[in-house]
Amino acid sequence: MSPSSGEPLFDIPIRHLDKLVHFGLFFIHAMLLALALEVKKEALKIFSFGVILTLATEGLQTYVPGRQADVWDGMADVCGTSSGMLFVYLLQYQSVKK
């Protein structure tokens, strides 16, 4: 089984689990980028990279048989990117504040 077969890989009864996975992956990705770069100085680059990656992954799915781009997956990706950046920013802000 694969995502392109239309059948779920895992039989986990959680609504919109795929959106949570999208959010989580992009959250971690943005968090790691924000930690590697200075999130305050490079916020636009980090966010732009997340958006470009979102557009690329969703756009490329149109060329995979049995797959299609999903606006809600893209929204989850962008929300994950924003949240990951904000999380690192708040952690860094708290450590500077102490």
Side-chain angles (χ1 to χ4, degrees):
M1 282 184 260
S2 70
S4 62
S5 70
E7 297 179 34
L9 290 174
F10 305 101
D11 193 21
I12 301 173
I14 299 174
R15 286 180 52 98
H16 307 296
L17 178 62
D18 64 320
K19 306 307 180 255
L20 292 172
V21 171
H22 276 265
F23 179 90
L25 289 173
F26 276 77
F27 180 91
I28 292 168
H29 177 262
M31 194 175 74
L32 292 173
L33 270 177
L35 287 169
L37 306 171
E38 287 189 48
V39 70
K40 264 183 141 175
K41 293 181 181 178
E42 305 293 343
L44 183 60
K45 287 181 186 176
I46 297 167
F47 184 75
S48 297
F49 187 76
V51 170
I52 290 168
L53 187 60
T54 295
L55 293 171
T57 55
E58 291 302 314
L60 288 172
Q61 286 186 53
T62 60
Y63 299 104
V64 177
R67 301 285 308 206
Q68 61 186 16
D70 184 4
V71 172
W72 295 110
D73 285 349
M75 292 298 292
D77 296 347
V78 172
C79 288
T81 298
S82 302
S83 298
M85 291 172 58
L86 180 62
F87 181 74
V88 170
Y89 175 78
L90 292 174
L91 281 179
Q92 290 175 348
Y93 176 76
Q94 288 298 325
S95 67
V96 169
K97 198 174 176 182
K98 288 183 180 181

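All of these numbers come straight from a predicted model, not from anything done at the bench. In what follows, every heavy atom counts, from backbone to side chain, and hydrogens, waters and symmetry copies are set aside.
Distance check: D77 CG to K19 NZ gives 9.5 Å after rounding to the nearest 0.5 Å. The distance from the OG1 atom of T62 to the CD atom of Q68 is 10.0 Å, given to the nearest 0.5 Å. The distance from the CG atom of L90 to the OG atom of S83 is 10.5 Å, given to the nearest 0.5 Å. Rounding to the nearest 0.5 Å places CG of L20 at 10.5 Å from NE2 of H22. Taking CD of E42 as the reference point, atom CE of M85 lies at 10.0 Å (rounded to 0.5 Å). Taking CZ of F87 as the reference point, atom CD1 of I28 lies at 11.0 Å (rounded to 0.5 Å).
Using cut-offs of 30° and 60° on the angle between ring planes, the pair H29 and F49 is parallel.
Residues T81 and F47 have side chains in contact (heavy-atom distance under 4.5 Å, counting atoms from C-beta outward). Two residues are said to be in side-chain contact when any heavy atoms from C-beta on lie closer than 4.5 Å; L37 and K45 fail this criterion.
By the criterion of side-chain heavy atoms lying less than 4.5 angstrom apart, applied directly or through intervening Ile, Leu, Val, Met, Phe, Trp or Tyr residues, V39 is grouped together with L91 in one hydrophobic cluster. Linking Ile, Leu, Val, Met, Phe, Trp and Tyr whenever their side-chain heavy atoms come within less than 4.5 Å puts F23 and L55 in one cluster. By the criterion of side-chain heavy atoms lying less than 4.5 angstrom apart, applied directly or through intervening Ile, Leu, Val, Met, Phe, Trp or Tyr residues, F27 is grouped together with Y89 in one hydrophobic cluster.
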- [ ] Tell me, with the steps shown, if W72 and D18 meet side chain to side chain contact (heavy atoms under 4.5 Å, CB included).
- [x] CA-CA 10 Å; W72 295 110; D18 64 320; over 6 Å; no

Open item on the list: Applying side chain to side chain contact (heavy atoms under 4.5 Å, CB included) to D70 and Q61, what does each step give before you reach the verdict?
Closed with: CA-CA 9 Å; D70 184 4; Q61 286 186 53; over 6 Å; no

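Pairing each heavy atom of G80 with each of A30, the nearest pair is O-CB, 4.4 Å. When all heavy atoms of A34 and I46 are compared, the pair lying nearest together is CA-CD1, 3.6 Å.
Listed by first and then second residue, the salt bridge (charged side-chain N to carboxylate O under 4.0 Å, His left out) pairs involving residues 47-66 amount to none (not counting sequence neighbours).
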